[in-house]
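The next block holds one structure in the form of structure tokens; read it before the comments.
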Amino acid sequence: MTTLLANAENAGPLADYRGLGDAVLSERIEAVRRRMGERLVILGHHYQQDGVIAHADLQGDSYQLSKSAAEREACEAIAFCGVHFMAETADILVNRPEQVAARAGRRVTVVLPDMAAGCSMADMAAIEQVEDAWADLGSVIDTSDITPVTYINSAASLKAFCGRHGGIVCTSSNARAVLDWAFSKTKRVLFFPDQHLGRNTARKMGIPLDEMCVWNPHEPRLGGNDAAQIEKSRVILWQGHCSVHAMFRPEHVDAVRASLPGVKVLVHPECSMEVVDKADLAGSTSYIIKQVQAAPAGTQWAIGTELHLVKRLEQQHPEQTIRFLSPVVCMCATMYRIDLAHLCWSLEHLEAGAAVNVIRVDDETAKWAVTALERMLAIS
Ligand code: 13P
Ligand code: SF4
């Protein structure tokens, strides 16, 4: 049951929106926001393009946005300007059974303005591969001594797998605290899907590289390892990566240091270990923003994360010198698919009571995924 306004006069096919200029689209988006008021919340990830961010009620990193979704009770609809796994997470958290019951059975509608806004990293760990890996691991080690940890950049089915097996979700803001929690329970961690975040975090905790192995899901046996390697590994890293952050290379750090003496290199932990090791600082998108905000005028930065965020920081901090770490464009092409036309189209349909691109995680998956998400929210 919903009390969304029945205002169908504008809602038409997506093609009708494509020819409209940005000014018209922005005005129509703001008109929906005014009419729907607090019943609508627009969430925008830091990597989103500026035109879309301008309409967001909250801009944040994956952790902040999922926390915010968990706390939203008054709203009737969330438009998630991010990627698919983020909208799934919002649906799972905001529609927990006790919350739905407290709203007299009303679910919050979560929409992703463009369904093609996926995450290539999340797609690198399909649940069937994960189930196979777990069974395979069980043939050489005791799986009750492994905590599965998934980066929030993963499908709901993988979060549910972690929930079912005593595991947990992490984000780039809390990966360290989550791994501490995991190691307080078990000897080993199986970390999905980003090998770089897993390796960089475990290294910071003092775990040596020879106590980590990489699990290649395309190998027929033990992810390409032998039993002895698995036996001595405390961290088993799923062989996934972010195609955007993989484009930053250690030689880019060398080049920028040579051309800009005194520069501070600041990168996201989805970058490879070789890049993180050469950088001055590494952290989540919010961490990156905070470092720049806190720096004195005249600070010189080379930043290794998604282009839209770096460009925005550059505009917001003309008193500092901000450079993009890579000589080539590294942007999240899937997140970029969410543009004003898709946002306007999805909002006008939502308002008309004919929501499109609704993200709805099935109850059984959501039940176990929320178990893993709540473990994370409880410790950080
Ligand atoms: P954070 O928002 O956690 O920093 O992650 C960056 C990212 O790649 C989102 O997909
Ligand atoms: Fe996925 Fe990388 Fe895009 Fe983040 S930046 S959504 S990890 S592809």
Side-chain angles (χ1 to χ4, degrees), residues 43-49 52-53 56 58-69 80-90 112-125 149-155 158-159 169-179 191-198 200-201 238-248 266-272 275-276 279 281-292 303-313 324-326 328-338 359 373 376-377 380:
L43 300 178
H45 188 269
H46 288 313
Y47 293 163
Q48 200 55 253
Q49 51 188 302
V52 170
I53 283 295
L58 179 75
Q59 178 189 333
D61 68 9
S62 304
Y63 180 70
Q64 293 164 327
L65 295 175
S66 55
K67 252 193 105 193
S68 162
F80 212 121
C81 299
V83 290
H84 192 270
F85 73 80
M86 298 179 186
E88 272 189 341
T89 305
L112 180 67
D114 185 346
M115 282 298 200
C119 166
S120 52
M121 176 201 285
D123 294 343
M124 288 175 196
V149 177
T150 187
Y151 191 19
I152 198 163
N153 298 28
S154 55
L158 178 44
K159 295 184 178 81
V169 176
C170 77
T171 71
S172 54
S173 308
N174 60 20
R176 170 80 196 247
V178 166
L179 285 194
F191 192 93
F192 313 95
D194 186 15
Q195 58 171 306
H196 302 298
L197 179 65
N200 289 325
T201 310
W238 193 262
Q239 192 176 307
H241 66 272
C242 165
S243 43
V244 179
H245 290 91
M247 289 167 80
F248 297 103
L266 174 56
V267 301
H268 195 280
E270 286 175 18
C271 293
S272 69
V275 170
V276 169
L281 299 161
S284 70
T285 49
S286 295
Y287 174 87
I288 290 171
I289 293 168
K290 276 190 208 129
Q291 296 310 305
V292 175
I303 304 183
T305 194
E306 206 271 350
L307 185 65
H308 289 93
L309 173 55
V310 181
K311 288 275 161 219
R312 192 174 305 122
L313 285 170
F324 193 55
L325 178 60
S326 166
V328 294
V329 170
C330 312
M331 61 169 236
C332 184
T334 45
M335 199 168 304
Y336 188 63
R337 294 190 65 100
I338 297 190
I359 301 294
L373 281 160
M376 171 186 87
L377 292 168
S380 50

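Any value given below was found using the heavy atoms of this structure, including those in side chains, with hydrogens, waters and symmetry copies removed. Start at 1 and go down the list; that is how both ligands and their atoms are numbered.
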Original post:
Are any of the side-chain heavy atoms of H196 and H245 separated by less than 4.5 Å?
Top reply: no

Original post:
With sequence neighbours left out, what residues match A116 under side chain to side chain contact (heavy atoms under 4.5 Å, CB included)?
Top reply: D114, R337

Subject >> Any side-chain donor near an acceptor of the partner, S173 and D61, under 3.5 Å >> reply: yes

Subject >> Nearest non-hydrogen protein atom, atom 3 (Fe) of ligand 2 >> reply: C332 SG, 2.4 Å

Original post:
Quick check: does D61 get an N/O under 3.5 Å from an N/O on ligand 1?
Top reply: no

Subject >> Protein contact to atom 2 (Fe) of ligand 2 [nearest heavy atom, distance to 0.1 Å] >> reply: C242 SG, 2.4 Å

**OP:** For residues F324 and F248, establish whether the separation of their ring centroids is below 6.0 Å.
**Re:** yes

Original post:
What are the atoms of ligand 1, with element, lying closer than 4.0 Å to any heavy atom of M86?
Top reply: 9 (C), 10 (O)

Original post:
Side-chain contact, heavy-atom cut-off 4.5 Å: Q48 with H308?
Top reply: no

**OP:** Give yes if a backbone or side-chain nitrogen or oxygen of S173 is under 3.5 Å from a nitrogen or oxygen of ligand 1, and no if not.
**Re:** no

Original post:
How far is atom 8 (S) of ligand 2 from its nearest protein heavy atom, and which residue and atom name does that atom have?
Top reply: S120 OG, 3.7 Å

Subject >> OH/Y336: more than 12 non-hydrogen atoms of other groups inside 6.0 Å >> reply: no

Original post:
Short list, please: which atoms of ligand 1 are under 4.0 Å from a heavy atom of S284?
Top reply: 4 (O)

Original post:
Which option out of C119, P193, A246, C330 puts a heavy atom nearest to atom 1 (Fe) of ligand 2?
Top reply: C119

**OP:** Test side chain to side chain contact (heavy atoms under 4.5 Å, CB included) on S62 and N153 and set out the steps.
**Re:** CA-CA 8 Å; S62 304; N153 298 28; 4.3 Å; yes

Original post:
Could you walk me through whether T201 and V178 pass the side chain to side chain contact (heavy atoms under 4.5 Å, CB included) check?
Top reply: CA-CA 10 Å; T201 310; V178 166; over 6 Å; no

Original post:
Touching ligand 1 at all, M335? Heavy atoms, strictly under 4.0 Å?
Top reply: no

Subject >> Closest protein heavy atom to atom 1 (P) of ligand 1, given as residue, atom name and distance to 0.1 Å >> reply: S172 OG, 3.3 Å

**OP:** Could you tell me if any non-hydrogen atom of H268 lies under 4.0 Å from any atom of ligand 1?
**Re:** yes

**OP:** Would you mind telling me if ligand 1 is within reach of the side chain of M121, the backbone, both or neither, using heavy atoms under 4.0 Å?
**Re:** neither

Original post:
So is H45 in contact with ligand 1, going by heavy-atom distances below 4.0 Å?
Top reply: yes

Original post:
Does the shortest distance from atom 2 (Fe) of ligand 2 to an N/O/S atom of H245 fall below 2.8 Å?
Top reply: no

Subject >> Option among L325, L281, T305 that satisfies the side chain to side chain contact (heavy atoms under 4.5 Å, CB included) test with V267 >> reply: L325

Original post:
Does Y47 have a heavy atom less than 4.0 Å from any atom of ligand 1?
Top reply: yes

Original post:
Side chain, backbone, both or neither: which part of E270 comes within less than 4.0 Å of ligand 2 when only heavy atoms are counted?
Top reply: side chain

Original post:
For I359 and M115, what are the C-alpha separation, side-chain angles and deciding distance, and is it a side chain to side chain contact (heavy atoms under 4.5 Å, CB included)?
Top reply: CA-CA 9 Å; I359 301 294; M115 282 298 200; 3.6 Å; yes

**OP:** Please lay out, stage by stage, how M376 and T171 fare under the test side chain to side chain contact (heavy atoms under 4.5 Å, CB included).
**Re:** CA-CA 9 Å; M376 171 186 87; T171 71; 3.9 Å; yes

Original post:
Looking only at protein heavy atoms, which one is nearest to atom 10 (O) of ligand 1, and how far off is it?
Top reply: N153 ND2, 3.1 Å

Original post:
Non-hydrogen atoms of H45 versus ligand 2: any pair closer than 4.0 Å?
Top reply: no

Original post:
Which ligand 2 atoms, with their elements, are less than 4.0 angstrom from a heavy-atom of N153?
Top reply: 4 (Fe), 7 (S)

Subject >> Between Q59 and H46: side-chain donor-acceptor atoms closer than 3.5 Å >> reply: yes

Original post:
Quick one: which ligand 2 atoms are inside 4.0 Å of a heavy atom on Y47?
Top reply: 5 (S)

Original post:
Can you tell which part of Y151 has a heavy atom less than 4.0 Å from ligand 1: side chain, backbone, both or neither?
Top reply: side chain

Original post:
Which is it for E270 and ligand 1 at heavy atoms under 4.0 Å: side chain, backbone, both or neither?
Top reply: side chain

Original post:
Do V169 and T89 come close enough that some side-chain heavy atom pair is under 4.5 Å?
Top reply: no

